[in-house]
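To start, the structure itself, in structure tokens.
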Amino acid sequence: MKLQDTLSNSEQTLDISKKVRIYLCGVTVYDESHIGHARTIIVFDVLRKYLESKEIMVEFIQNFTDVDDKIINRAKLESTTAEQISSKYIQNYFTDFDRLNVKRATNYPKATEHIEDIRNFIKRLIEKDIVYVTKNGVYFSVSKFPDYGKLSKKKIDELQSGARIEVDEAKKDPLDFALWKFSDVEPVWDSPWGKGRPGWHIECSAMSIRYLGENFDIHGGGRDLIFPHHENEIAQSESFTSKQFAKIWMHVGMVTINGEKMSKSLGNIRTIKHVLDNWGPNIIRLFCLSGHYSKPIDYSEELLKENLIKWRQAETCYYELIHANNENHNNEIKSSVKETSDDFDNALKSDFNTHLALLAFFKLVKEVNYLAAEEKLGSNDAKIIIPEFERMLNILGLVIPKITSEQKQQIDNWIIEREQLRKEKKFQDADKIRDNLNEMNIELIDHKGKTIWMRKERIKADS
RNA sequence: GGUACUCUGGCAGAACGGUUAUGCGUGAGCCUGCAAAGCUUAUACAAGGGGGUUCGACUCCCUCGGGUACCUCCA
């Protein structure tokens, strides 16, 4: 599998000969998660599910930043503690992402639970004379790391001339960044240099190395983290270990609205909860996977709608498959399934192109729906198709709502009754049954010889 | 201002330098008791502008321009 690596700006082959270790920069828990967070996390969720489907072991670590100025400010605003705020939004995070069918990470380390690791990290950097202490905190000296700027392709002197960098007189260089900030206000921890709390970047270095070792496979996050966050992580970590840090840097493009990045300051946030309530998990996942992960994707009703239509086709396909019961046999099914399967895998193997993978998936969907509508889909065909269909569904993290066997029995009875009414040309009564079923999100599909049902996902935006 | 990325039909999005995919949408028709599902067919000046290399360029080079992101917290 090849992935575009931000650092080398080239495609790198992912080593799958042993366990794949992935670190994803998660969220700062001070507010609800939005659809931009969802995209990054869903991309990595699918990457992971794909690898696992190939029986490759994956160690997937995703952090929560639970100590940060934004959290502290929020706590002040709500006259509560930072701890209350972060635990509230961690819960909120899981509510959202469980609904999105995102598999839980191997571990979700928190900054506040790794203070000791962070202190040890800083200690070693002090021993190496790479950081220094001022009246405000402990700072990383960028000039001590010659490769600074290699990830974001920035030149130090150009950055320094930038007017927007805050000036802290105590710092030796405006680019130097805090590993430890002195403070007396909770949350606060002791350290050999003074009471305070960790800076933003240090937690990811400390925790990724703690959980994944000094040289792991993939480090990811949103594109907006390249600078300064990931640049600083590299500086710290490689100074700490004297080794290459992550092997592959994978960055997910922004979700935009009308071409503009979703952000607090612009006030154009769409929370996951909001989108989920309207569109449900499957459509959001399809939407997030509909473009190449590295490129921006524009949030619009139109695109969501397009994915809704596709999702309906996929649902139809599923129900056509499980209801297929005739004797027909299509010789070309086997090769067609094989082709889809190959296209799907090849798309993902080549820089994780989920768009092309979806194209392959929907080609199969269309083929099935066509055969079914023509009464040409045999049960043996279905037997060949279903495993592959479900394999792709699982990798993509799409879930068809299930139904109990009692409900199934009930539906079958309704269908028989409706058939009878239709035969008697009592169409109004027959339609009433169909309408009632629709109310329950059961849709009927009339084929020439038989009527099948499907359980449609209830989607608010579709009604 | 600097750096990176990007610019293909109404929208999304592909293509070894030589077949202008594909999906959605839209129009017409078929199927159906009616719907839904499905089908057929049509539709699109498609390539940001201008140069160049080439027998031939979406694909290579130059140039100009637009957009977005980052340069401050940000998935």
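To find a chain, count down the sequence lines: A is the first, B the second, and so on, and within it residues start at 1. It should be emphasised that the depicted structure is a prediction, and the values quoted were computed from it without experimental measurement. Note: hydrogens, waters and symmetry copies are ignored here, and every other heavy atom, side chains too, is used.
- The interatomic distance linking A:Lys423 (NZ) with B:rG33 (P) rounds to 14 Å, in whole Å.
- Within 4.0 Å of A:Arg39, counting heavy atoms only, lies no atom of the nucleic acid at all.
- Under a cut-off of 6.0 angstrom, the local environment of CD in A:Glu332 is crowded, with over 12 non-hydrogen atoms contributed by other residues, nucleotides or ligands.
- Nearer the 5' end of RNA chain B, as judged by each residue's closest nucleotide, is the contact made by A:Ile309, out of A:Ile309 and A:His37.
- Contact check on A:Lys423 versus A:Glu419 returns no salt bridge, with no Lys/Arg side-chain nitrogen under 4.0 Å from an Asp/Glu carboxylate oxygen.
- One finds a salt bridge joining A:Asp217 and A:Arg21 here, because a Lys/Arg side-chain nitrogen approaches an Asp/Glu carboxylate oxygen to under 4.0 Å.
- For A:Phe227, whose side chain is taken as the heavy atoms from C-beta onward, the closest listed nucleotide among B:rA75, B:rC34, B:rC70 is B:rC70.
- Spacing of C1' atoms, B:rG25 relative to B:rC11, comes out at 7 Å, to the nearest Å.
- Within the 4.0 angstrom heavy-atom criterion, no nucleotide atom of any strand lies near A:Gly220.
- Looking at residues two or more places apart in sequence or on another chain, you find a salt bridge (charged side-chain N to carboxylate O under 4.0 Å, His left out) between A:Asp446 and A:Arg418, A:Arg422.
- As judged by a 4.0 angstrom heavy-atom cut-off over every strand, A:Gly259 is placed among residues touching the sugar-phosphate backbone only.
- Within 4.0 Å (heavy atoms only), A:Lys305 reaches no atom of the nucleic acid at all.
- For the side-chain hydrogen bond (donor to acceptor under 3.5 Å, both in side chains) with A:Asp45, the lone residue among A:Lys103, A:Arg104, A:Arg285 that qualifies is A:Arg285.
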Would you give me the side-chain donor-acceptor pairs under 3.5 Å for residues 432-442 of chain A, sequence neighbours excluded?
unit_1, atom_1, unit_2, atom_2, d
A:Arg434, NH2, A:Asp431, OD1, 3.4
A:Asn438, ND2, A:Ile442, O, 2.9

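- Going from the P atom of B:rA42 to that of B:rA37 covers 22 Å, rounded to whole Å.
- For RNA chain B, each stem of at least three Watson-Crick or G-U pairs (distances under 3.5 Å) is given as range with range: B:1-7 with B:65-71, B:10-12 with B:22-24, B:25-30 with B:38-43, B:48-52 with B:60-64.
- Here A:Tyr370 pairs with nothing under the ring-ring contact (aromatic ring centres under 6.0 Å, His included) rule; sequence neighbours left out.
- Side-chain to base pairing of A:Arg434 with B:rA35: one donor and one acceptor N or O lie within less than 3.5 Å of each other.
- Residues passing the side chain to side chain contact (heavy atoms under 4.5 Å, CB included) test with A:Ser336, sequence neighbours excluded: A:Glu367.
- One can place CG of A:Asp343 at 13 Å from P of B:rA15, the figure rounded to the nearest angstrom.
- For residues 449-460 of chain A, every residue pair satisfying the salt bridge (charged side-chain N to carboxylate O under 4.0 Å, His left out) rule, not counting sequence neighbours, is listed here: A:Glu443-A:Lys456.
- Using a 4.0 Å heavy-atom criterion, one finds that A:Met262 contacts the bases of the nucleic acid, with or without backbone contacts as well.
- With sequence neighbours left out, the ring-ring contact (aromatic ring centres under 6.0 Å, His included) criterion links A:His323 to A:Trp453.
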Test log, rule salt bridge (charged side-chain N to carboxylate O under 4.0 Å, His left out), inputs A:Lys338 and A:Glu388: CA-CA 9 Å; A:Lys338 173 86 167 64; A:Glu388 179 58 23; over 6 Å; no

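- With respect to A:Asp69 and A:Arg197, a salt bridge is recorded, a charged nitrogen being found less than 4.0 Å from a carboxylate O.
- Using a 4.0 Å cutoff on non-hydrogen atoms, no part of residues 1-8 of chain A comes near RNA chain B.
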Evaluation steps, side chain to side chain donor-acceptor pair (under 3.5 Å), between A:Thr316 and A:Asn369: CA-CA 7 Å; A:Thr316 304; A:Asn369 291 353; 4.8 Å; no

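- Surrounding NZ of A:Lys448 are at most 12 heavy atoms belonging to other residues, nucleotides or ligands under 6.0 Å away.
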Protein N or O to nucleotides 37-42 of chain B N or O, pairs below 3.5 Å:
unit_1, atom_1, unit_2, atom_2, d
B:rG38, OP1, A:Asn369, ND2, 3.4

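- Summarising the geometry, the separation between CD1 on A:Ile257 and P on B:rU68 is reported as 15 Å, rounded to the nearest angstrom.
- Checking A:Glu260 against A:His229, the closest nucleotide of RNA chain B that is more toward the 5' end is the one next to A:Glu260.
- Base contact: A:Arg418 has a heavy atom under 4.0 Å from a base atom.
- Taking atom OH on A:Tyr148 and atom P on B:rC70, their separation rounds to 16 Å, with Å as the unit.
- Taking atom C1' in both B:rU26 and B:rG50, one finds a spacing of 34 Å when rounded to whole Å.
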So which protein N/O to nucleotides 3-14 of chain B N/O distances come out below 3.5 Å?
unit_1, atom_1, unit_2, atom_2, d
B:rU3, O2', A:Lys153, O, 3.3
B:rG13, O2', A:His355, ND1, 3.4

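- For the P atom pair drawn from B:rA28 and B:rA36, the interatomic distance equals 14 Å after rounding to whole Å.
- With sequence neighbours left out, A:Phe60 forms a ring-ring contact (aromatic ring centres under 6.0 Å, His included) with no residue at all.
- Every residue two or more places apart in sequence or in another chain was checked for a salt bridge (charged side-chain N to carboxylate O under 4.0 Å, His left out) with A:Arg270, and none qualifies.
- Protein atom OH of A:Tyr89 is 18 Å distant from nucleotide atom C1' of B:rA75, rounded to whole Å.
- Whole-Å rounding puts the A:Met440 CE to B:rA36 P distance at 21 Å.
- Between the CD1 atom of A:Ile284 and the C1' atom of B:rA75 there is a distance of 15 Å, given to the nearest Å.
- Taking atom P in both B:rU3 and B:rC64, one finds a spacing of 13 Å when rounded to whole Å.
- Between A:Asp431 atom CG and B:rA35 atom P the separation is 11 Å, expressed in whole Å.
- Using a 4.0 Å heavy-atom distance criterion, A:Val27 is classed as a sugar-phosphate-only contact.
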